[in-house]
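Everything on this sheet refers to the single structure shown next.
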Amino acid sequence: KPLVFSGVQPTGNLHLGNYLGAIRKFVALQENNDCIYCVVDLHSITAQLVHDDLPGQIRSIAAAFVASGIDPEKHIVFNQSAVPQHAELAWIFNCVARIGWMNRMTQFKDKAGKDRENASLGLLAYPSLMAADILVYRATHVPVGDDQKQHLELTRDIAQKFNIDFMEHIRARGYGVDIVVGEEPIHAYFPPVEPLIGGPAPRVMSLRDGTKKMSKSDPSDLSRINLMDDPETIAKKIRKAKTDPDALPSEVEGLKGRPEAENLVGIYAALADRTKDAILAEFGGQQFSVFKPALIDLAVDVLAPITGEMRRLMDDTAHIDAILRNGGERARARAEKTMREVREIIGFLQ
Ligand code: ATP
Ligand code: MG
């Protein structure tokens, strides 16, 4: 079975973008794959070092995974810091990756802002840790939102450079397989990683600004629909969502240059599991005063059961902690197997 890995940071309120772009795909992939889903707590201290309630944040992501339908017994749910092999491999990847590769990352530029000299070194090295998260299990498929595409390309570059630089060692120790990456046949220890970005909502935009992605770390709570929002809050946020004054077009072409309209139609389509064309066939020619109430009803219908289950799970911290502990043990055993081989390939005594 293909091995799937993905992670979500415990950096605040999970939102509709996380759900549609990532978590819903995690759920769907369980059927035909072996899945490892991680609360990436080591990543969460890169942009902001101190969090008021990190244990609560970590538990809430785990609760969202389970409430959305992830089975922590058939698959693995755990928090990253419980498996120190992630950080160990990330260090090695810090020595594989080049500073220039990191400097080109748009997420680093966005999150570091103007004062780049003052960003943490961890924020710059974030993609190296992300590559380690995936490759410490030698996972091949990674469901993420569109914003992570560049990081996954970098993961491929890191794997490729490790494979090529250590090719003789990999072969001499009897590890790795012959593969072709691009045109080049190589003897590879780490597999090339495939991003799974598709789906109807690979990039959900902010409700306040159709050119910015919906984010946990956006200071405006009105910019996003949180998985823990109650129906009144969801209704208020959608009513206040920025739009233009025109009616909805009857074809997708008509959404060009109307980012806010396109975003709301995309959200509706994703929540309803229908195409944007089908939604516009139904609502084309209608005003937002008609479309928004329909979107509110749909969003509440889809999210209310998840919110209810998340609340129930979060009241039972012992249960969530047991899930994370059990997942951590299973993840650690797998990650340590890779690390023993990697240490041997590099030449560290152990
Ligand atoms: P932060 O602002 O702290 O980075 P975030 O909202 O970007 O938070 P992450 O934990 O970084 O959330 O990402 C978790 C997953 O959700 C990733 O796969 C990411 O690609 C996906 N994701 C995040 N935002 C969106 C969005 N607006 N639309 C679709 N997918 C998204
Ligand atoms: Mg993010």
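Atoms within a ligand are numbered from 1 in the order they appear, just like the ligands themselves. Since this is a predicted model, take the numbers as computed values, not measurements.
The shortest N/O to N/O separation between Lys111 and ligand 1 falls below 3.5 Å. Among the atoms of Gly17, some N or O lies under 3.5 angstrom from an N or O of ligand 1. On a distance-only criterion, Pro143 and ligand 1 share no N/O pair closer than 3.5 Å. Between Asp146 and ligand 1, no pair of N/O atoms sits closer than 3.5 Å. Inclusion of Gly21 in the set of residues having an N or O under 3.5 Å from an N or O of ligand 1 is not warranted.
Counting only heavy atoms of the protein, atom 27 (N) of ligand 1 lies nearest to Val204 O, 2.7 Å. Scanning all protein heavy atoms for the shortest distance to atom 19 (C) of ligand 1 gives Asp147 OD1, 3.4 Å. Shortest contact from atom 11 (O) of ligand 1 to any protein heavy atom: Gln9 NE2, 3.1 Å. Thr11 OG1, 2.9 Å is the protein heavy atom nearest to atom 3 (O) of ligand 1. Scanning the protein for heavy atoms near atom 16 (O) of ligand 1, the closest one is Asn18 ND2, 3.2 Å. Ranking protein heavy atoms by distance to atom 6 (O) of ligand 1, first place goes to His15 NE2, 2.7 Å. Closest to atom 8 (O) of ligand 1 among all protein heavy atoms lies Lys216 NZ, 3.2 Å. The protein atom (non-hydrogen) at minimum distance from atom 5 (P) of ligand 1 is Lys213 NZ, 3.6 Å.
Heavy-atom proximity to Pro202, at under 4.0 Å, picks out these atoms of ligand 1: 28 (N), 29 (C), 30 (N). When each atom of ligand 1 is checked for a heavy atom of Ser215 under 4.0 Å away, the hits are 2 (O), 6 (O).
For Phe190 and Phe93, the ring centers sit closer than 6.0 Å to each other. When ring centroids are compared, His75 and Phe65 stay outside the 6.0 Å threshold. Residues Tyr137 and His86 bring their aromatic ring centres within 6.0 Å.
Evaluated by nearest non-hydrogen atom to atom 17 (C) of ligand 1, the leading choice among Gly145, Gly12, Ala201 is Gly145.
When atom types are taken as modelled, the side chain of Gln80 and the backbone of Asp41 share a donor-acceptor pair closer than 3.5 angstrom. Checking side-chain atoms of Arg173 against main-chain N and O of Arg171 turns up no donor-acceptor pair under 3.5 Å.
Under a 4.0 Å heavy-atom criterion, Gln107 is not in contact with ligand 1.
Within the 4.0 Å heavy-atom criterion, both parts of Met214, backbone and side chain, lie near ligand 1. By the criterion of a heavy-atom distance under 4.0 Å, the side chain of Ala22, and not its backbone, is placed next to ligand 1. Neither the backbone nor the side chain of Ser44 comes within 4.0 Å of ligand 1, counting heavy atoms alone.
Within 6.0 Å of CD in Gln350 there are more than 12 heavy atoms belonging to other residues, nucleotides or ligands.
Under 4.0 Å is where a charged nitrogen must lie from a carboxylate oxygen, and between Glu31 and Lys74 no such pair does. With respect to Asp218 and Lys213, no salt bridge is recorded, no charged nitrogen being found less than 4.0 Å from a carboxylate O.
Connection of Val136 to Val8 is not established within any shared hydrophobic cluster, with ILVMFWY side chains joined at heavy-atom distances below 4.5 Å, either directly or through further cluster members.
A tilted orientation is assigned to the rings of His43 and Tyr126, their planes being inclined by 30° to 60°.
Screening Arg334, Arg138, His141 for a side chain to side chain contact (heavy atoms under 4.5 Å, CB included) with Leu3, the sole residue that qualifies is Arg334.
To the nearest 0.5 Å, the span separating NZ on Lys292 from CD1 on Ile296 amounts to 8.0 Å.
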